[in-house]
Structure formats: structure tokens, C-alpha cells
2 protein chains.
Amino acid sequence: MVTIKDVAKLANVAPSTVSRVIANSSRISEQTKKRVREVMEELGYHPNLQARSLAAKSTQAIGVIMPNSAYYAFQNPFFPEVLRGISTSSHDNKYGIYLSTGSTEDEIYHEVTSMVLGRRVDGVILLYSRINDKTMRFLQQSDFPFVVVGRPDENEERVSYVDNDNIHITKQVTNYLIELGHKNIAFVGGSINFVVTIDRLNGYKLALQDAGIPFNEDYLVHEDFIKENGREAIASLMNLSDPPTALVTQDDLIAYEMISHLEDMNIRVPDDISIVSFNNLMLSEHSKPPLTSVDICIYQLGFEATKCLLEKISVPDTLPKRITIPTKFIERKSCEQKK
Amino acid sequence: MVTIKDVAKLANVAPSTVSRVIANSSRISEQTKKRVREVMEELGYHPNLQARSLAAKSTQAIGVIMPNSAYYAFQNPFFPEVLRGISTSSHDNKYGIYLSTGSTEDEIYHEVTSMVLGRRVDGVILLYSRINDKTMRFLQQSDFPFVVVGRPDENEERVSYVDNDNIHITKQVTNYLIELGHKNIAFVGGSINFVVTIDRLNGYKLALQDAGIPFNEDYLVHEDFIKENGREAIASLMNLSDPPTALVTQDDLIAYEMISHLEDMNIRVPDDISIVSFNNLMLSEHSKPPLTSVDICIYQLGFEATKCLLEKISVPDTLPKRITIPTKFIERKSCEQKK
DNA sequence: CTGAAAGCGCTTACAG
DNA sequence: CTGAAAGCGCTTACAG
């Protein structure tokens with residue numbers, strides 16, 4: 001392996017000079033730079049990132065933390081899509097991505113502590129926000145640069161995060177259904193441990209309240225339910241004495257599954273039941289019927305989170321901030337006027 | 001930051017002893033281990049991974065290289081799913097994952113060279129195999145441990161890789177359509193630059209040949225086409241004087257899109273046209289109609305690739321090998337007897 | 001079973 | 001504008 005010393009020797013300079021040439025320090029003459037660079041080229045020199053990190057106390061890498069890599073969550077294109085935003089932005093800034101994908105909360109916690117304490121990364125992006133999360137608490141307590149994609153459960157004002165205005169958009173979306181004449185609107189949500197579910201549920205309730213529609217506990221379906229047995233979950237919902245005529249669904253993937261089960265039960269979308277959903281996956285355009293969905297701009301969530309994190313890394317006393325990514329309501333064909 | 005020296009001082013031992021305790025060396029007495037561990041606990045010591053890497057010349061991380069992060073590719077659940085396999089296996093072995101997601105071939109090349117030459121990782125998994133790939137060539141020439149998910153284009157015998165038997169399974173799948181009475185079978189494939197497309201295309205041709213059906217150039221649709229304008233691609237296929245009655249489709253995602261366009265043209269699946277596809281995404285069960293698809297065991301591809309790589313890292317003279325992951329043909333409802 | 005010393009390949013005050 | 005030296009936090013022969 002060719003090191004800085006080899007280059008120094010051949011170029012007749014000190015190792016420190018070579019180091020400065022690499023950093024393109026303005027204190028080195030162009031002439032020397034040229035000579036050193038030629039030697040680097042000749043020898044095929046490449047800086048050892050480990051050594052640099054150790055000496056400079058900066059890794060040029062960020063940690064990206066996925067939620068429990070349950071089968072279900074992982075087939076969700078949400079993650080590749082945020083990753084795409086993250087990697088574009090980090091790559092632009094010469095940062096690498098260190099990925100953590102624990103399969104339990106404990107595993108995640110350990111991966112993160114080891115990442116942070118072991119100085120593998122300069123900062124961390126949390127790709128989820130759950131209630132009572134010890135990983136996030138650890139990050140806060142150790143005063144390590146981090147950014148959350150999603151609204152934090154605790155200490156909201158003291159952490160930087162990037163999110164959509166979930167309460168607001170879910171309220172709007174529910175209103176949209178109400179204006180179509182629906183009163184029996186069910187909410188098919190993700191796990192209640194995630195803040196995004198809580199926020200959307202609240203937006204949903206707010207809309208009902210404004211319209212004077214009482215909230216009906218029976219109209220609440222949890223993801224945990226669906227995972228277990230989606231068919232039964234939807235069946236018991238539709239077999240209610242007063243079944244819903246519209247659904248607000250946490251994400252497109254769940255919506256697809258619901259539609260499939262509904263069709264099996266001979267309930268047609270949108271004729272018999274309207275569905276609006278979130279994420280606007282590429283597929284949603286091609287599903288049958290094309291899904292009316294809220295585009296939450298996943299790519300941008302990732303991109304902005306990274307930008308925010310890198311800013312915090314380079315300027316440690318940057319104040320915590322909330323960045324709200326605007327959404328787009330994409331009206332397609334899964335909703336209809338109540339008959 | 002608490003270092004090995006702090007621990008050593010407080011425990012009244014040499015730093016080297018602390019280091020050996022961390023490595024759980026058998027040459028240290030249980031008594032000393034205990035005392036040192038207590039101090040580590042007390043001080044909240046955590047080893048600096050950078051320093052360790054530098055001294056031990058091992059990073060405990062593997063690099064995972066995604067293909068060009070084009071929008072399209074990235075919404076494909078293939079990647080999260082291989083990642084899940086990779087991360088399970090690497091996590092079991094205390095390895096971290098360093099992710100590279102260039103958006104052009106050049107970017108990928110640079111990320112990989114810097115990863116390898118900069119000693120960020122101990123080995124690399126290539127998540128794609130394309131023809132004429134300088135990244136792979138670089139990996140080979142630098143004699144760096146790496147494993148390919150997919151069959152390499154060059155030097156097949158000299159590189160380790162994990163793959164399905166794509167030629168064979170595509171032949172089978174095409175046969176399945178032939179046995180249903182189809183003769184006009186089109187192939188809707190990914191980019192011809194990827195070896196997986198080449199192999200599947202060959203399997204398809206082989207089946208035709210065995211059945212004495214001449215290969216028809218017009219029945220070949222490329223992904224590049226579809227990305228541009230999927231609707232038009234399928235339209236010109238179906239407007240042929242002798243349109244296909246069956247489709248072999250490179251992956252489920254493309255299949256969904258095809259189905260959607262077909263329905264728009266009032267061509268029904270499977271009544272008017274049969275479709276078989278690859279990957280068996282979670283969604284395929286819920287699509288309309290449920291897709292007949294080949295489950296290529298994506299998770300396992302990732303898992304085995306990692307196992308193979310870690311083996312190579314720990315035993316450098318391990319011989320190159322090919323690992324073939326078995327597939328499952330999942331018959332659902334997108335194919336029908338030719339009328 | 002344990003320690004002193006050298007070294008991994010860099011960076012960065014300090015000095016000139 | 002450049003160099004000598006110390007140091008980042010570990011590991012690992014070597015010696016006893």
C-alpha cells in the first residue's frame with residue numbers, strides 16, 4: 001500500500017506537505033502542489049480514510065437508521081426512495097452512508113450506540129419516529145448531531161426534524177371524503193407506536209369533529225391487525241352493522257391490499273367504497289383503480305434531512321429546526337360521491 | 001472521550017492488557033478481565049472503531065453497491081429485500097454496511113474505488129451485473145474481496161457470485177406458456193446491458209427453439225422503451241398484425257405497468273393475454289389479477305452473497321464459487337389456456 | 001499472564 | 001511556503 005510517506009519521499013517534501021496538498025491548502029505553492037500531485041498519480045496514491053478520520057476526528061460518513069426491518073416495512077418503496085434523497089445529498093457533499101437495519105428495537109439501539117460511540121459516523125438520520133424511543137433518547141443525551149425524518153415524540157423543540165404536516169393533510173383528505181358526502185369513514189393506519197400514525201389519526205379526528213361526525217372506535221383498523229390477517233381485518237370492518245363507505249389509508253401499500261380483499265368480497269372501489277391514501281408510490285398510477293393519494297415527497301424528505309444534518313455537523317451550534325415538506329394531493333379514481 | 005488509556009490507568013494495567021480484554025484474549029486471567037471490564041463499565045468506555053481499524057487493518061464493514069439509482073430502479077422492492085438479507089447476515093457477524101448509490105456509472109466507479117482504496121470496507125457486494133463494467137474490472141484487478149449478485153459478464157470462473165439459474169427458469173416459464181397453447185409470446189425485458197436480461201432472454205429463446213417457434217424480433221420490448229413511454233411500447237406491441245397472446249415479463253413491477261396499460265386498451269389479463277413474471281413481490285398476490293410469478297428468493301440472494309463474502313474476507317485464499325439460489329414458480333391467475 | 005514499545009497512516013499546531 | 005514532531009486511539013509482535 002502506498003502511503004503519504006512514499007509520496008513525500010519521491011516528491012522530496014515532508015509528509016505534512018503532502019497532506020496539505022491533499023487538502024488543497026492555500027499555503028502550498030502551486031509548483032509544489034503540481035509536483036506532489038504528479039507523484040501521487042505516478043504511485044497511484046489514495047488516502048487512507050481510516051487514518052484520516054482518526055487524525056482529523058471526522059469520518060465523512062453519516063449513519064442512516066431504518067426501523068425494524070420487518071418484511072412488511074422493507075418491501076415498502078418508502079425506504080429506497082428516502083435513501084435516494086439521502087444519498088444524492090450526501091454524495092454531493094462527499095459523505096458516505098453507513099446503513100443500520102436492526103430487526104428489533106434493541107438491535108437498532110445497539111447498532112446506533114456502537115456507531116456513535118465508536119465514531120463510525122459524524123451524524124445520524126433516524127428514518128422513523130416512534131414513541132418512547134430509547135435510541136432517540138440516547139442520541140439526544142449524547143448530544144450527537146442527528147436529524148429525524150418524522151416528528152419526534154419528545155422534546156420536539158430541541159431536535160431537528162423533517163416532516164410533512166401530517167395532521168393538516170390528513171384533515172384535508174378526510175374533508176375531501178366528507179365533501180363527497182361520506183360520513184362513515186374508517187381509518188386504516190400503521191402501528192400506533194409511530195408518531196406518523198398518531199398525527200394522521202389526529203388529523204382524521206379533527207376533520208370528523210369539524211363536520212360534527214362522531215368518532216367511531218370500530219372504524220379504526222391497526223396495521224398489526226392487517227399484517228396478521230388483512231382479509232379478516234377488512235372483513236370485520238365491512239361486516240359492521242353500519243359499514244364504512246370510505247377509507248383513509250396510511251399508505252398505498254396497505255391500500256392495495258385492502259382493495260384486493262374488498263374485491264374478493266365483491267365490494268367495488270370506488271363504486272361501493274372510496275379510498276384515499278398516502279405516499280403516491282409509482283405503482284399507484286397503475287393500480288386498479290388508480291389511487292387517489294397524497295404525494296408526501298419522500299425523496300425530498302431524505303434530501304432535506306441530509307442537508308440539515310450536514311449543516312449541523314459543520315456548524316455544531318446550529319439551532320434545532322423543523323422543516324416541513326409540502327405535499328401534493330393527487331386526485332385519481334379511487335373516490336366517488338356517496339350514493 | 002474515554003480511551004483505552006483511561007481504562008488502563010484506573011484498572012492499574014497496561015493499555016495492551018485492556019486491548020486484550022476487549023478482544024477477550026485467552027491469555028488474560030479471568031480476574032484481570034473482570035476488573036478491567038468493571039472499569040470499562042464505570043467509565044462508559046466504548047472502543048473507537050476507527051482506531052481499531054487502522055491498527056488491525058480490518059474495518060468490520062462491507063460495501064454494498066447499488067446500480068444507478070434511477071428513480072425506476074429504486075422503487076423496486078428488490079433492493080430493500082436483498083438489503084434485508086445482507087444486513088441480517090452481516091449483522092450476525094458484527095459487520096456494518098457501507099452503502100454506495102451512485103447515479104451514474106462513473107459515480108459508482110468513483111465511490112467504489114474510494115471505498116476500496118481508502119480502506120473503508122473489507123469487501124464489496126455488487127448488487128448488479130452489467131456488461132463491460134469497469135467497476136467490476138477494478139475490483140478484480142485490485143484483487144479485493146467481492147461477490148456479485150448476478151452472473152458476471154467476464155471471467156465468470158474467477159469471481160464468486162450468487163445467482164438464480166435465470167436461463168433455466170425463463171425457459172421453464174416460457175414452456176409453461178407454450179404448454180398453455182401460446183405461440184405468440186413476447187418478452188418484455190429490462191435493459192440489455194444487464195446480464196440478468198441477457199440470460200432470461202436466452203432462456204426464452206431456448207424454449208421457443210425447442211418448441212420450433214421462430215423468434216420474432218418484434219416481440220422484444222426493452223425497458224428503456226417502457227421507461228420512456230410504457231403506454232406506447234405496449235401499444236405498438238399489441239398493434240402488430242400478429243399480436244402476442246402471452247408475455248414473459250422481467251419483473252413484477254413492469255408487469256403491473258403492462259397490465260394497467262393493457263386494461264386501458266381494453267385487453268384483459270388473462271382472458272386476452274397471459275402474463276408471467278419474476279420476483280414475486282409481496283404485492284403480486286394482491287394485484288389484479290394475482291400475478292403468476294417466479295419467486296427468485298431475493299432475501300436469500302443477499303444472505304448468501306454476504307456469507308460468501310465474509311468467508312472470503314476471513315479466508316483470503318477461498319476459491320471463487322458460484323452459488324445458485326433455487327426458485328419457486330408461483331402459479332396464480334395471470335395466465336390462461338390459449339383460446 | 002502482563003507490559004513497554006513500535007506502528008497503523010494520517011493531520012495539525014508550532015516554528016521558522 | 002515548508003518541515004519536524006506530536007498525536008489521534010487502537011493492536012500486536014516481542015520480551016519476560
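Throughout, protein chains are lettered first and strands after them, A, B, ... in sequence-line order, and every chain is numbered starting at 1.
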Does A:Asn193 have any side chain to side chain contact (heavy atoms under 4.5 Å, CB included) partners at least two apart in sequence or in another chain, and if so, which?
A:Arg130, A:Ile131, A:Ser191
Starting at atom CG of A:Asn12, determine the distance to atom C1' of D:dT2, rounded to an integer number of angstrom.
13 Å
Between atom CG in B:Asn24 and atom P in C:dC1, what is the gap in whole Å?
13 Å
Give DNA chain C the dot-bracket treatment, 5' to 3': Watson-Crick (N1-N3 with N6-O4 or O6-N4) or G-U (N1-O2, O6-N3) under 3.5 Å, [ ] crossing, | other strand.
|||.||||||||.|||
Residues that B:Glu42 engages under side chain to side chain donor-acceptor pair (under 3.5 Å), provided they are two or more places apart:
none
Under the rule for side chain to side chain contact (heavy atoms under 4.5 Å, CB included), what residues qualify as partners of B:Ala23, not counting sequence neighbours?
none
Under the side chain to side chain contact (heavy atoms under 4.5 Å, CB included) test, which residues partner A:Leu117, sequence neighbours left out?
A:Thr113, A:Phe138, B:His46
Residues at least two apart in sequence or cross-chain that pass salt bridge (Lys or Arg N to Asp or Glu O under 4.0 Å) with A:Arg119, listed by chain then number, are none
NZ/NE/NH1/NH2 to OD/OE distance under 4.0 Å, B:Glu30 and B:Arg35
no
Sorted by chain and residue number, the salt bridge (Lys or Arg N to Asp or Glu O under 4.0 Å) partners of B:Glu107 (sequence neighbours excluded) come out as none
Kindly say if A:Ser53 contacts the phosphate of D:dC8, meaning a side-chain N or O under 4.0 Å from OP1 or OP2.
no
Any salt bridge (charged side-chain N to carboxylate O under 4.0 Å, His left out) pairs touching residues 52-67 of chain A, not counting sequence neighbours?
none
Quick one: what's the B/S/- string for nucleotides 9-16 of chain D, heavy-atom cutoff under 4.0 Å, read 5' to 3'?
BBBBBB--
